[in-house]
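Comments concern the structure below.
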Amino acid sequence: MSVDPAGMVGSVGPVGSVGPPTWVAPVGSAAPGGPRESAGSGRRVLRYALLTVLAGLILFPVYATVVNSLSTPTEITPFPWFPASPNWENYSKAWSQGHLSKYLLNSAIVTIAITAGQVVTAIMAAYAFAFLRFPLRRLLFVVFLTTLMIPAEVTILQNVKTVRPWDGDLTYLALIVPSLASGFGAFLLRQSFLQVPKELREAAFLDGYGHLRFMTRIVVPLTRPAIAAMGLFAFLGAWNQYLWPLLVTSDAPEYRTVQYGLKQLAGGSLDQIGVTYAGTVLAFLPIAVLLMVFSKQLVRGLTAGAVKG
Amino acid sequence: MRRRGRLREASLAYALLLPSFVVFGVFVFFPFAKNIELPFYESRGGVGFGANKTGGTRTWVGLEQWRDILGSEEFRDALWITLKFTVITVPVGIGLGLLLAVLAHQRLRGITIYRTIFSSTVATSAAVASVIFFSLFGPASGVWKLRIGGIPILEHPTWALPAVAGVAIWQSLGLAFIVMSSGLQALPDDVLEAAAIDGAGANRRFFAVTLPLMSPTLFFAFVVGAISAFKTFAEIDILTPGGGTGDNTRVLAYAVYDSGIVSGNQVKAAVFAVGLFVCVFVLTLLQLRLERRVKYVG
């Protein structure tokens with residue numbers, strides 16, 4: 001499993017709640033009621049020991065990467081301790097010689113454009129499916145859903161040909177345009193748009209609102225938590241893309257995104273290993289920070305309910 | 001009057017759907033149709049390589065190439081490796097996610113810190129996780145250089161696939177933990193308390209009450225996990241570039257890339273891609289069905 005928007009048709013979820021994906025919820029959320037049990041102090045110590053061992057095992061690869069990124073080549077050992085004097089040289093090397101600055105900038109451009117595009121096209125499509133009556137509505141909705149079942153591998157052979165004319169700076173278009181619409185996003189937003197109370201719609205139309213005004217002034221603000229969740233999914237999906245950027249930028253190194261750029265770094269020469277570690281941290285950090293920041297907002301969205309009556 | 005209103009509503013709807021449909025038309029449905037069409041023709045001559053090929057002639061050969069490729073050992077191997085990979089990653093990943101969720105589902109001081117750590121790998125991508133493990137355990141640059149029988153694990157004919165699966169499991173553990181945790185939190189507390197009052201021990205409560213109540217979450221996680229396992233690409237490309245020793249990690253998605261883009265055999269890649277599509281399609285249908293059922297139950 002990975003955070004893969006296309007694969008997450010069902011983040012609407014087994015829990016049955018519409019709205020923010022369930023996976024961000026527990027991070028920093030208030031402690032929920034676990035089974036009440038009066039554990040003796042011996043058992044409690046045992047539990048902490050077990051939890052700590054597991055946490056250590058999970059964190060170890062990241063810890064080793066961080067420590068090694070701060071070490072000089074001779075300090076890199078199988079059982080690294082935090083270096084007494086952190087060596088930041090690997091970071092400056094990864095940033096400039098490893099082209100991480102370029103890769104991160106490319107990733108940021110592509111990810112922001114895709115996220116914004118997907119949010120806008122998904123709001124538009126979801127509004128049409130949720131509030132408008134038109135011929136072929138059901139059929140078109142099914143067509144939307146079928147895009148979820150077509151993996152990228154089935155379309156890349158032709159898509160590579162389609163975007164071939166876009167070279168130079170147009171490579172950004174090649175990276176962005178194919179991801180500008182999301183069947184998953186439209187599906188997710190439609191579910192929460194459908195929960196906007198009918199009375200609200202009638203009242204808005206009595207006040208002389210047209211569809212566009214109703215959409216932008218009422219529906220979008222009311223469903224902001226769901227839109228934020230969808231946007232976060234789009235963001236992660238775009239940031240984590242690997243296969244498509246590889247295909248589009250294998251001959252255009254200046255336009256590589258960070259995920260594919262990392263592979264280039266890892267394939268570098270032996271004395272660069274510290275630089276690879278530093279590059280990995282640089283690629284990992286923005287998303288870790290982002291998830292820390294946004295998890296709280298999403299949790300709030302979850303608990304407040306997607307739609308306030 | 002009323003009719004004109006209807007017409008306006010419909011045109012607004014089509015206008016709102018247009019951007020999405022243009023993107024889907026150009027980058028999903030058209031290439032999908034092209035991909036299906038390709039293997040029906042045999043092309044000869046032409047200049048260039050793979051997707052760059054221009055000119056030449058193509059003749060209709062019907063199902064011949066489909067039969068040849070789908071019946072080939074290469075296809076069967078790729079499908080078999082993909083299945084093995086899925087069968088390793090999905091149950092182990094979900095099992096570990098459930099274990100962590102159960103352990104973290106208790107009232108202990110500081111439990112929030114453990115929860116954050118258990119869900120932390122959601123911040124990694126397949127590529128980041130692969131590079132982390134490659135630089136720690138990789139055959140050339142790794143600090144550990146894990147070997148089995150003297151052979152670096154990622155170059156080992158049997159152990160490379162489980163090793164790659166291990167990385168995929170670690171990467172998805174955060175997501176599995178979060179999905180299982182929210183499943184646990186949604187369970188009715190009173191049922192568990194009733195079981196406790198009736199004298200059921202912790203193990204009994206888990207297997208007789210918690211697990212059955214969790215079954216919708218578990219099934220959901222299985223299907224989503226399987227879909228994503230079938231599409232695995234980045235881990236293979238980074239950890240075992242080229243598809244491993246003796247092609248032992250050449251999963252379907254990698255075979256599509258390898259034969260179509262690297263070797264330039266577009267027809268073979270197209271047939272492999274359809275094979276992958278059928279697998280994902282079946283799993284997605286399964287998921288949509290389940291969702292309907294869950295909605296009715298909820």
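A, B, ... follow the sequence lines: proteins, then strands. Residue 1 opens every chain.
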Which is it for A:T121 and B:V23 under the side chain to side chain contact (heavy atoms under 4.5 Å, CB included) test, yes or no, and what are the steps along the way? CA-CA 10 Å; A:T121 57; B:V23 174; 6.0 Å; no
Under a 3.5 Å distance rule, please check whether B:E9 uses its side chain to pair with a backbone N or O of A:R133 as donor and acceptor.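 Present.
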Is the shortest side-chain heavy-atom distance between [X] and [Y] below 4.5 Å?
X      : Y      : result
B:P31  : A:L157 : no
A:F284 : B:V131 : no
B:P19  : A:L180 : no
A:T146 : B:V28  : no
B:W170 : A:F60  : no

Can you tell which of [options] has the highest number of heavy-atom pairs within less than 4.5 Å of chain A?
options                : result
B:I36, B:L99, B:L108   : B:L108
B:V280, B:L17, B:V256  : B:L17
B:D237, B:I238, B:L276 : B:D237

Between [options], who has the most heavy-atom pairs with chain B when the cutoff is under 4.5 Å?
options                        : result
A:M215, A:R137, A:M149         : A:M149
A:Y260, A:F131, A:W239, A:F134 : A:F134
A:P178, A:A128, A:A125         : A:P178
A:T280, A:I156, A:N159         : A:N159

So what's closer than 4.5 Å to chain B heavy atoms on [X]: side chain, backbone, both or neither?
X      : value
A:P135 : both
A:I150 : both
A:S250 : neither
A:V163 : side chain
A:F129 : side chain
A:L246 : side chain
A:L247 : side chain
A:L50  : side chain

Scan for side chain to side chain donor-acceptor pair (under 3.5 Å) pairs involving residues 13-27 of chain B, sequence neighbours excluded, and state none if there are none.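 Side chain to side chain donor-acceptor pair (under 3.5 Å) check on residues 13-27 of chain B returns no pairs.
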Is [X] in contact with chain A via its backbone, its side chain, both, or neither, using a 4.5 Å heavy-atom distance?
X      : answer
B:F272 : neither
B:F137 : neither
B:A33  : neither
B:I169 : neither
B:V22  : neither
B:R8   : neither
B:F32  : both

Any idea how B:F24 and A:F144 line up, ring-wise: parallel (<30°), tilted (30 to 60°), or perpendicular (>60°)?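 Correct class here is perpendicular.
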From A:L243 atom CG to B:Y254 atom OH, the distance as rounded to the nearest 0.5 Å: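 Separation between the atoms: 10.5 Å.
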Distance from B:F118 atom CZ to A:L51 atom CG, nearest 0.5 Å?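 The CG atom of A:L51 is 5.0 Å from CZ of B:F118, to the nearest 0.5 Å.
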Take B:F30 and A:T155 through the side chain to side chain contact (heavy atoms under 4.5 Å, CB included) test and state the conclusion after the steps. CA-CA 8 Å; B:F30 167 68; A:T155 55; over 6 Å; no
Can A:N240 and B:V128 be said to form a side chain to side chain contact (heavy atoms under 4.5 Å, CB included), step by step? CA-CA 9 Å; A:N240 291 344; B:V128 165; over 6 Å; no
Closest approach of [X] and [Y], non-hydrogen atoms and distance?
X      : Y      : value
A:L59  : B:S120 : CD2-OG, 4.1 Å
B:A273 : A:V154 : O-CG2, 3.5 Å
B:S135 : A:Y277 : O-OH, 2.6 Å

Any residue meeting side-chain contact (heavy atoms from CB on, under 4.5 Å) with B:I113, in chain and number order, not counting sequence neighbours: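 side-chain contact (heavy atoms from CB on, under 4.5 Å) list for B:I113, sorted by chain: B:I117.
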Using side chain to side chain contact (heavy atoms under 4.5 Å, CB included), reason through A:L132 and B:L16 one step at a time and then give a plain yes or no. CA-CA 10 Å; A:L132 300 174; B:L16 289 173; 3.9 Å; yes
